[in-house]
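Scroll down for the structure; my scribbles are underneath it.
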Amino acid sequence: MNTALLYHLLDVDPADGPAELLHRARGSRHLPHLVLSALAREDVRMGEPARAELRRARARADRYAGLALDLARSTGVRAIHGLPLAGYYPADLLRPQDGLDLVAPGEAALWQAVVRLVTDHPVETIDVTLLGDRPHHTAVTVRWPAEDPLLDPWYRVRLATAALPGDCATVPVRPYLVADDHVECLIALAEAQLRTRAGVGAAGAGAGAGAGAVGAGEARAASGPPDPLTLLDLSCLTDQPFEPAETAAVLAAYRLAPEAAALLDLAAPLLPLGTLAAVRTALTPELAPERRRRAEAAAGPRLPVRHGTLLRRTVIRHTWDEARLLGAGDSREGALLLTPVADYLLGAPDASPTLADRSTALDALHHWDTHC
């Protein structure tokens, strides 16, 4: 990867120079840091403010990597998506990271990791989402301010018991990722395309809108190119040893053949696909079966998604391995979710509880505190 590719993907005339390239990059979240690192690698002259911004971004990336390593050793969670993709970038290029994505082998490991984060960092927000009823999957996002919150984005760590949450409609939750690292990275890029075209937020955010008719999402995805960061991620994977038939079969098994094919089709005119070109060819027979499966699934029920409205932060409940559901049959809206770090009122992601709802929930918590 070189600056020529950055000029190309950001649609900047090289004659306009690095200042215009950086200006265009500032329209994309965190992409300026990658551009700054690319310019620094080529010894482009820059002032101390730009160098300081790059140093802070590198320190942020190093901190995320350290967090992932520490949590993997202590709780068994592991990084997916952003951090593994960053490992395929040249060492002196900084892949933008707006957060750290982690998948836990179970709910107990997830809450152990959350407790570690709350204990070791000035965490200010803890968002919780449940996917499904019985059994359900848990997604948690924790945030805390950067050292300079006026200049830098907050730290954000997203943890989930499901590696791939799907679109809540036609593509189901797939809890585990079992593949070579570079194949997992391709799966992660395809999953991001799925959730973008379906209007579903990241796993830890818990947005709930699902896909429309089969084919409509693919048509929307094909109406414009993917964002530059996705293309840069793909460019770092093009020389990896993908086995075409096996990779296509894995993508199909994870229900992502249409998204992977659409992504590679959009990328093909913009960058050399290398080994991924053969993967795209091998994906062709997998597309029609997946579209038929989604058409059938579209007639079925949607996956329930419940978002937690914070009622109170608690003293850490160190003896709790998992969260507890109370009330409303333990499965519907209005249930209380008691976790090792905070308590929540569950409801639809796009609905806010009324004052009466909150008052009733707080009374229920008081009763639980008194009698349990």
Worksheet item: Between H81 and R158, is any side-chain donor less than 3.5 angstrom from a side-chain acceptor?
Response: no
Worksheet item: Can a cation-pi geometry be assigned to R156 and W154, taking NZ or CZ under 6.0 Å from the six-membered ring centre and within 45° of the ring axis?
Response: no
Discussion item. With a 6.0 Å cut-off on the ring centroids, do Y88 and H182 count as close?
Written reply: no
Worksheet item: How far apart are the C-alpha atoms of E296 and R292, what are their side-chain angles, what is the distance that settles it, and do they pass the salt bridge (charged side-chain N to carboxylate O under 4.0 Å, His left out) test?
Response: CA-CA 6 Å; E296 296 171 357; R292 287 195 298 270; over 6 Å; no
Worksheet item: Any luck finding a side-chain donor-acceptor pair between T360 and D363 under 3.5 Å?
Response: no
Worksheet item: Could you state the interatomic distance from CG (L71) to CZ (R78), rounded to the nearest 0.5 Å?
Response: 14.5 Å
Discussion item. If you apply the rule salt bridge (charged side-chain N to carboxylate O under 4.0 Å, His left out), what do you find for E259 with R294, and how did you get there?
Written reply: CA-CA 13 Å; E259 285 68 34; R294 293 186 188 185; 2.7 Å; yes
Worksheet entry | salt bridge (charged side-chain N to carboxylate O under 4.0 Å, His left out) assessment of R312 paired with D369 | CA-CA 13 Å; R312 64 182 185 183; D369 291 339; 2.7 Å; yes
Item to complete: Drop me the distance from D343's CG to T309's OG1, to the nearest 0.5 angstrom.
Response: 13.0 Å
Item to complete: Determine, step by step, whether R55 and E48 satisfy the salt bridge (charged side-chain N to carboxylate O under 4.0 Å, His left out) criterion, reporting the C-alpha distance in whole Å, the side-chain angles of both residues, the deciding distance to 0.1 Å, and the verdict.
Response: CA-CA 10 Å; R55 284 196 299 270; E48 180 54 29; 2.4 Å; yes
Fill in: Member of D148, D62, D152 meeting the salt bridge (charged side-chain N to carboxylate O under 4.0 Å, His left out) criterion with R56
D152
Item to complete: Would you tell me whether T3 and E42 have side-chain atoms, one donor and one acceptor, within less than 3.5 Å of each other?
Response: yes
Worksheet item: If you measure only the distance, is there a donor-acceptor pair under 3.5 Å linking the side chains of D16 and Y7?
Response: no
Discussion item. If the test is side chain to side chain contact (heavy atoms under 4.5 Å, CB included), which one of L365, L337, L311 qualifies with L345?
Written reply: L311
Item to complete: List the steps, then state whether side-chain hydrogen bond (donor to acceptor under 3.5 Å, both in side chains) holds for S74 with R116.
Response: CA-CA 9 Å; S74 60; R116 285 291 300 269; 3.1 Å; yes
Worksheet item: Can you tell if the side chain of L83 reaches within under 4.5 Å of the side chain of L100, non-hydrogen atoms only?
Response: yes
Worksheet entry | R143 NZ/CZ over Y155 ring centroid, <6.0 Å and within 45° of normal | no
